[in-house]
Amino acid sequence: MLTPLLAKISEYFPNHERTCLKNVLTLSLCVLIKETVNLNKLKGIVGAVLNRSNTQANSNYKRLIRIFDNHSDSTLWLDLLTFAFTFLGLKGDYLILDGTSWRSGKRKFHFLTLCVVYQGIAIPIFWVDLQKIGHSSTEERILLIKGALRRFDLAYTVLIADREYIGTRWFKYLLDNEISFIIRLKSGTYREVVDQANGRSYKGLCSKVKRSKVASKILSKPFVLEEMLLNFVVLKNRRQDAEEPLVYLVTNLQESARTIADRYGMRWKIEAFFKHMKTNGFSLDNMNL
């Protein structure tokens with residue numbers, strides 16, 4: 001099984017040695033067979049995958065560890081992702097952006113992570129270590145998207161993100177690259193420009209939604225922010241225990257408020273991804289990767 005696969009994919013990875021690709025394929029096949037990412041549980045099947053019955057389990061474990069040691073800072077993982085999306089013709093309509101903190105021994109990391117939603121699952125396609133704790137800057141977000149655009153076709157996708165990912169320059173950069181967005185706002189953000197547009201005031205929209213007896217009440221209003229035609233959307237928070245009774249969104253999409261609110265609900269998929277990676281199954285945090 002291993003040799004034919006290696007022959008097929010080698011031509012797609014001219015910058016990686018054949019030994020490296022063989023080790024990655026070995027790891028992948030072991031994971032698929034044993035249905036676990038625990039390297040200690042995978043070491044016993046490496047010999048069967050390599051068709052070498054005389055290999056020692058401890059030697060196999062060291063082989064698996066070396067894959068990560070040798071390529072922790074290389075382009076291997078992104079090259080594999082690019083290959084998978086291109087070769088399989090994968091395309092997602094939605095992107096999700098968020099940050100997550102990790103610890104490896106005494107060292108802390110804060111990764112700004114971009115995921116694509118494919119068949120209802122958030123899959124990471126690009127990430128950077130911010131090397132700090134706290135919110136990302138506009139420059140850091142733009143650099144992230146630039147890096148992703150060099151490898152993936154993101155045109156005509158919709159980026160979904162939480163409250164910290166706003167800003168006029170950021171919005172313009174996304175639109176210039178044909179990426180739409182739905183982003184949550186803090187209360188009061190863009191109040192003045194919303195009030196300047198024709199129709200109900202910011203306060204009037206919020207008051208009407210809050211007073212409504214309809215649990216799913218949603219209102220929207222178009223406004224202009226530095227020549228960008230955007231939509232302000234306000235809706236009741238679906239969480240009964242939420243500290244904030246209302247949710248505020250901004251988007252460039254000219255769609256119904258209901259459609260926009262439903263699409264924003266997809267943001268939770270990146271939280272599920274972080275949970276699965278760190279504690280709920282993969283436990284990469286505990287593995288010190």
Side-chain angles (χ1 to χ4, degrees), residues 92-100 113-123 135 141 156-168 170-172 174-175 178-276 280:
D93 295 327
Y94 298 96
L95 304 169
I96 312 176
L97 180 67
D98 205 356
T100 182
T113 307
L114 182 69
C115 286
V116 64
V117 179
Y118 179 72
Q119 294 189 358
I121 303 297
I123 302 174
H135 296 334
R141 296 196 292 270
Y156 309 112
T157 55
V158 179
L159 177 78
I160 302 171
D162 210 353
R163 285 168 282 202
E164 67 182 86
Y165 304 103
I166 64 169
T168 303
W170 169 238
F171 293 163
K172 286 184 176 180
L174 292 174
L175 295 180
E178 300 179 298
I179 300 174
S180 295
F181 56 85
I182 303 172
I183 299 177
R184 189 171 178 178
L185 299 173
K186 293 181 180 179
S187 175
T189 306
Y190 302 127
R191 179 193 295 264
E192 292 183 3
V193 284
V194 170
D195 284 344
Q196 290 170 6
N198 294 328
R200 283 193 179 90
S201 67
Y202 184 102
K203 183 177 179 180
L205 290 166
C206 298
S207 296
K208 184 166 184 179
V209 171
K210 201 169 183 178
R211 291 196 314 266
S212 176
K213 296 181 179 180
V214 180
S216 58
K217 184 67 175 178
I218 303 177
L219 290 177
S220 65
K221 179 183 178 180
F223 69 100
V224 176
L225 178 66
E226 295 194 16
E227 300 182 353
M228 292 181 290
L229 178 60
L230 305 178
N231 257 321
F232 170 68
V233 178
V234 57
L235 62 145
K236 287 188 175 181
N237 200 321
R238 296 174 181 176
R239 290 177 52 190
Q240 298 297 322
D241 59 342
E243 295 181 4
E244 301 177 39
L246 300 179
V247 174
Y248 314 92
L249 305 174
V250 63
T251 180
N252 69 302
L253 297 174
Q254 305 303 311
E255 298 180 341
S256 71
R258 173 67 58 192
T259 299
I260 292 168
D262 288 344
R263 289 190 179 194
Y264 176 76
M266 204 174 301
R267 197 203 70 84
W268 190 250
K269 294 184 183 298
I270 197 170
E271 302 288 358
F273 159 69
F274 290 149
K275 182 178 180 181
H276 291 319
N280 192 25

Decide yes or no for I123 and C115: does some side-chain heavy atom of the first lie under 4.5 Å from some side-chain heavy atom of the second?
-> no

Those residues that, when tested against K221, pass side chain to side chain contact (heavy atoms under 4.5 Å, CB included) (two or more places apart) | V194, A197, L205

Greater than 12 external heavy atoms within 6.0 Å of R191's CZ | yes

Report the distance from atom CG of L185 to atom CG of L249, rounding to the nearest 0.5 Å.
-> 7.0 Å

Output the distance between atom CD (E164) and atom CG (D98), rounded to the nearest 0.5 Å.
-> 6.5 Å

Could you walk me through whether E255 and N231 pass the side chain to side chain contact (heavy atoms under 4.5 Å, CB included) test, one step at a time?
-> CA-CA 9 Å; E255 298 180 341; N231 257 321; over 6 Å; no

Begin with the C-alpha distance, continue with both residues' side-chain angles, and end with the deciding distance and a verdict on side chain to side chain contact (heavy atoms under 4.5 Å, CB included) for F273 and T100.
-> CA-CA 11 Å; F273 159 69; T100 182; over 6 Å; no

For L95, which of L174, V117, L159 qualifies under side-chain contact (heavy atoms from CB on, under 4.5 Å)?
-> L159

Quick one: do L97 and F181 satisfy side chain to side chain contact (heavy atoms under 4.5 Å, CB included)? Show the steps, please.
-> CA-CA 11 Å; L97 180 67; F181 56 85; over 6 Å; no

For S180, enumerate each residue passing the side chain to side chain contact (heavy atoms under 4.5 Å, CB included) test, keeping only those at least two apart in sequence or located in another chain.
-> V158, N252, L253

What's the verdict on side chain to side chain contact (heavy atoms under 4.5 Å, CB included) for Q196 and V193, showing C-alpha distance, side-chain angles and the deciding distance?
-> CA-CA 5 Å; Q196 290 170 6; V193 284; 4.2 Å; yes

CH2 of W170 to CG of L175, rounded to nearest 0.5 Å, is 10.5 Å

For the atom pair CG (L114) and CD1 (I270), what is the distance rounded to the nearest 0.5 Å?
-> 7.5 Å

Check residues 206-220 and write down every donor-acceptor pair under 3.5 Å in which the side-chain atom is one partner and the other belongs to a residue at least two apart or another chain.
{"residue": "S207", "atom": "OG", "partner": "K203", "partner atom": "O", "Å": "2.9"}
{"residue": "S212", "atom": "OG", "partner": "V214", "partner atom": "N", "Å": "3.1"}
{"residue": "S216", "atom": "OG", "partner": "R258", "partner atom": "NH2", "Å": "3.3"}

Roughly how far apart are Y94 OH and K269 NZ, rounded to 0.5 Å?
-> 11.0 Å

Nearest 0.5 Å please: distance from the CG atom of L225 over to the CG atom of L230.
-> 5.5 Å

Taking side chain to side chain contact (heavy atoms under 4.5 Å, CB included) as the test, write out the residues that go with E244, two or more places apart.
-> R163, R184

Closest heavy-atom pair and its distance - I166, R141 = O-NH2, 3.0 Å

Would one find more than 12 heavy atoms of other residues, nucleotides or ligands at under 6.0 Å from atom CD1 of I121?
-> no

Determine whether S201 and D195 make a side-chain contact, defined as any pair of heavy atoms from C-beta on separated by less than 4.5 Å.
-> yes

Give a yes or no on whether K275 atom NZ has more than 12 heavy-atom contacts from other residues, nucleotides or ligands under 6.0 Å away.
-> no

For residues 208-267, the ring pair (Phe, Tyr, Trp, His ring centres under 6.0 Å) pairs (sequence neighbours left out) are Y202-F232

Please name the pair of heavy atoms, one in I182 and one in R263, separated by the smallest distance, quoted to 0.1 Å.
-> CD1-CB, 3.6 Å

Applying salt bridge (Lys or Arg N to Asp or Glu O under 4.0 Å) to D262 and not counting sequence neighbours gives R238

